[in-house]
S.K.: 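First, the structure itself, so that you have it in front of you.
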Amino acid sequence: MDILGARRSIEQKLLMQSVALMSLVAISGTIMGVVTGSSAVLLDGVFSFVDVIIKIMMLMTAKLVARETSKRFQFGYWQFEPLVLAVEGFFILLIVIYALFSGITDLLGGGRHVDFGPAIYYAIFFTIADTAYYFYVKRINKSLQSNLVKFDNVSWYVDALLEAAILISFVVAILLEGTEYEEFAVYIDPIVLIVLALQMVPSVIHILVPATKQILGWAPTSLHNEVQEIMDRFMEKYNFKDYVTSVQAYGNTRIIEIDILVRKNFPYQTIAELDGIRNEIDEEIGGNPTEKWVTISFTSTRKWMAKDYLLDEEDDD
């Protein structure tokens, strides 16, 4: 198996593992939320169930991307990555809105009584388990560099925060029992629900914003500047008349198109010579060959360059 195949195999195994473990969290959280009457724990269970569905979609996407191309998708399946991430962000946003509404309703309705006894053991176990698994996957992905695994791991980070916040709130509520402030214990659960919902907002933004940009075809500024700097050096080296670059990114995959305008008396005329220049530019761009799509064309007529960059001149010497 080649390096790319090995990476994709590890990626799929991690996603499958994540599906199985998050299913356990979802079932446990939902049951514990119903048994104890805690909306915060129930939120964790519902969030986990939604996340299991998203993780399955990510696993399917990883398998599609591994196929590279097909008759129907001749440019590959890269665009599925931001689509799946956008779906994940959208559903998390719905959960945030529901949690805020539910928490505010319970708070204004006089609070919620919760059986904190069994729930606190649930919170302790999954706070430790979620945190440990998050750092475990993060360490592996440092070398794997999988975009799907990276964003999938965000859900474990969010869930670990949820569990930790639930644990802290339960401890506070238990400490209030038998004191003069015992009456305020019923407000702990809805307050935690509201705090958890607000705490999830940055994660939603972290997922939705880059995914939406990729779906809309928003050119990454850093990649654009990098390619421009490379082409400026080659323009000086080979005395190109002009060039136009177009860039896009889907997950880890970079799509780069470069149109180079040369004079009709350009000294490099054969296909072999032009391919040599293409190879030089491609090597300078660098990166994993399987995670980039580079197209470099040469023309002496400006109309064959990218339309968005047309200038007043129609003909060139």
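Nothing here was measured: the structure is a model prediction, and the numbers come from that model. FYI, side chains are in, hydrogens and waters are out, and symmetry mates aren't considered; it's all heavy atoms of this structure.
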S.K.: Would you sort out whether Ile296 and Val294 count as a side-chain contact (heavy atoms from CB on, under 4.5 Å), showing the intermediate values?
M.R.: CA-CA 7 Å; Ile296 303 173; Val294 180; 3.8 Å; yes

S.K.: How about CZ on Phe90, more than 12 heavy atoms from neighbouring residues, nucleotides or ligands closer than 6.0 Å, or not?
M.R.: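 At most 12 heavy atoms, drawn from other residues, nucleotides or ligands, come within 6.0 Å of this atom.
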
S.K.: Taking a hydrophobic cluster as the set of Ile, Leu, Val, Met, Phe, Trp and Tyr residues connected by side-chain heavy atoms closer than 4.5 Å, whether directly or through intermediates, do Ile97 and Phe101 fall within one such cluster?
M.R.: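 Different hydrophobic clusters.
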
S.K.: Given the rule that I, L, V, M, F, W and Y join up when any side-chain heavy atoms are under 4.5 Å apart, are Val172 and Leu167 in one cluster?
M.R.: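 Same cluster.
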
S.K.: Output all residues satisfying side-chain hydrogen bond (donor to acceptor under 3.5 Å, both in side chains) with Tyr250, sequence neighbours left out; order by chain, then residue number.
M.R.: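 Listed in chain order: nothing, the list is empty.
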
S.K.: Which residues pass the salt bridge (Lys or Arg N to Asp or Glu O under 4.0 Å) test with Glu280, sequence neighbours left out?
M.R.: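 Lys237.
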
S.K.: Treat each ILVMFWY residue as a node, draw an edge where side-chain heavy atoms are under 4.5 Å apart, and state whether Val46 and Ile27 are in one component.
M.R.: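 No, separate clusters.
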
S.K.: Can you name the salt bridge (Lys or Arg N to Asp or Glu O under 4.0 Å) partners of Asp282, sequence neighbours left out?
M.R.: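 Checked Asp282 against salt bridge (Lys or Arg N to Asp or Glu O under 4.0 Å); matches are Lys292.
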
S.K.: Is Met60 linked to Leu83 within one hydrophobic cluster, defined over Ile, Leu, Val, Met, Phe, Trp and Tyr using a side-chain heavy-atom separation of less than 4.5 Å?
M.R.: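 As far as the 4.5 Å side-chain criterion goes, Leu83 and Met60 are not connected within one cluster.
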
S.K.: Are there more than 12 heavy atoms of other residues, nucleotides or ligands under 6.0 Å from atom CZ of Phe49?
M.R.: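 Result for CZ/Phe49: enclosed.
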
S.K.: What is the distance from atom OH of Tyr122 to atom OG1 of Thr127, rounded to the nearest 0.5 Å?
M.R.: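 Interatomic distance, Tyr122 OH to Thr127 OG1, rounded to 0.5 Å: 8.5 Å.
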
S.K.: Side-chain contact test, heavy atoms from C-beta onward, threshold under 4.5 Å: evaluate it for Ile255 versus Val247 and give yes or no.
M.R.: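 Counting from C-beta outward, Ile255 and Val247 never come under 4.5 Å.
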
S.K.: Not counting sequence neighbours, which residues clear side-chain hydrogen bond (donor to acceptor under 3.5 Å, both in side chains) with Ser297? List them please.
M.R.: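 Here the qualifying residues are Asp259.
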
S.K.: Is a donor on one side and an acceptor on the other found under 3.5 Å between the side chain of Glu273 and the backbone of Thr270?
M.R.: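 Checked: pair present.
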
S.K.: Any donor-acceptor pair under 3.5 Å linking the side chain of Ser28 with the backbone of Val25?
M.R.: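 It does not hold such a pair.
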
S.K.: Scan residues 129-139 for pairs that pass side chain to side chain donor-acceptor pair (under 3.5 Å), counting only residues two or more places apart or in two chains.
M.R.: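 Those involving residues 129-139 are Gln17-Tyr133.
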
S.K.: Could you check if a side-chain atom of Leu223 sits within less than 4.5 angstrom of a side-chain atom of Ile256, using non-hydrogen atoms only?
M.R.: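 Heavy-atom side-chain distance check passes, below 4.5 Å.
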
S.K.: Taking atom CG of Leu176 and atom CD of Glu182, what is their separation to the nearest 0.5 Å?
M.R.: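 Nearest 0.5 Å value for the CG-CD distance: 8.5 Å.
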
S.K.: Is it the case that more than 12 heavy atoms not belonging to Leu108 sit under 6.0 Å from its CG atom?
M.R.: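 Counting neighbours around CG of Leu108, more than 12 heavy atoms of other residues, nucleotides or ligands fall under 6.0 Å, so yes.
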
S.K.: Do Leu42 and Thr30 have side chains that approach each other closer than 4.5 Å (heavy atoms only, starting at C-beta)?
M.R.: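 Yes, side chains in contact.
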
S.K.: Suppose we call two aromatic rings close when their centres sit under 6.0 Å apart. Are Tyr121 and Phe125 close by that rule?
M.R.: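 Not under 6.0 Å, so no.
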
S.K.: Suppose we screen for side-chain hydrogen bond (donor to acceptor under 3.5 Å, both in side chains). Which residues come up paired with Ser146, at least two apart in sequence or across chains?
M.R.: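 Ser146: side-chain hydrogen bond (donor to acceptor under 3.5 Å, both in side chains) contacts with Glu11.
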
S.K.: Looking at the rings of Tyr268 and Tyr238, which for Trp means the six-membered one, are their centres under 6.0 Å apart?
M.R.: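 Tyr268 vs Tyr238: aromatic centres under 6.0 Å.
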
S.K.: CG of Leu85 to NE2 of His206: how many Å apart, nearest 0.5 Å?
M.R.: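 Rounded to the nearest 0.5 Å, the CG-NE2 separation comes out at 10.0 Å.
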
S.K.: Tell me, do Ile258 and Thr295 make a side-chain contact under 4.5 Å, heavy atoms counted?
M.R.: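 SC-SC contact between Ile258 and Thr295 ruled out.
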
S.K.: State, yes or no, whether a side-chain contact exists between Ser18 and Val137 at a heavy-atom distance under 4.5 Å.
M.R.: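 No, too far: nothing below the 4.5 Å cut-off.
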
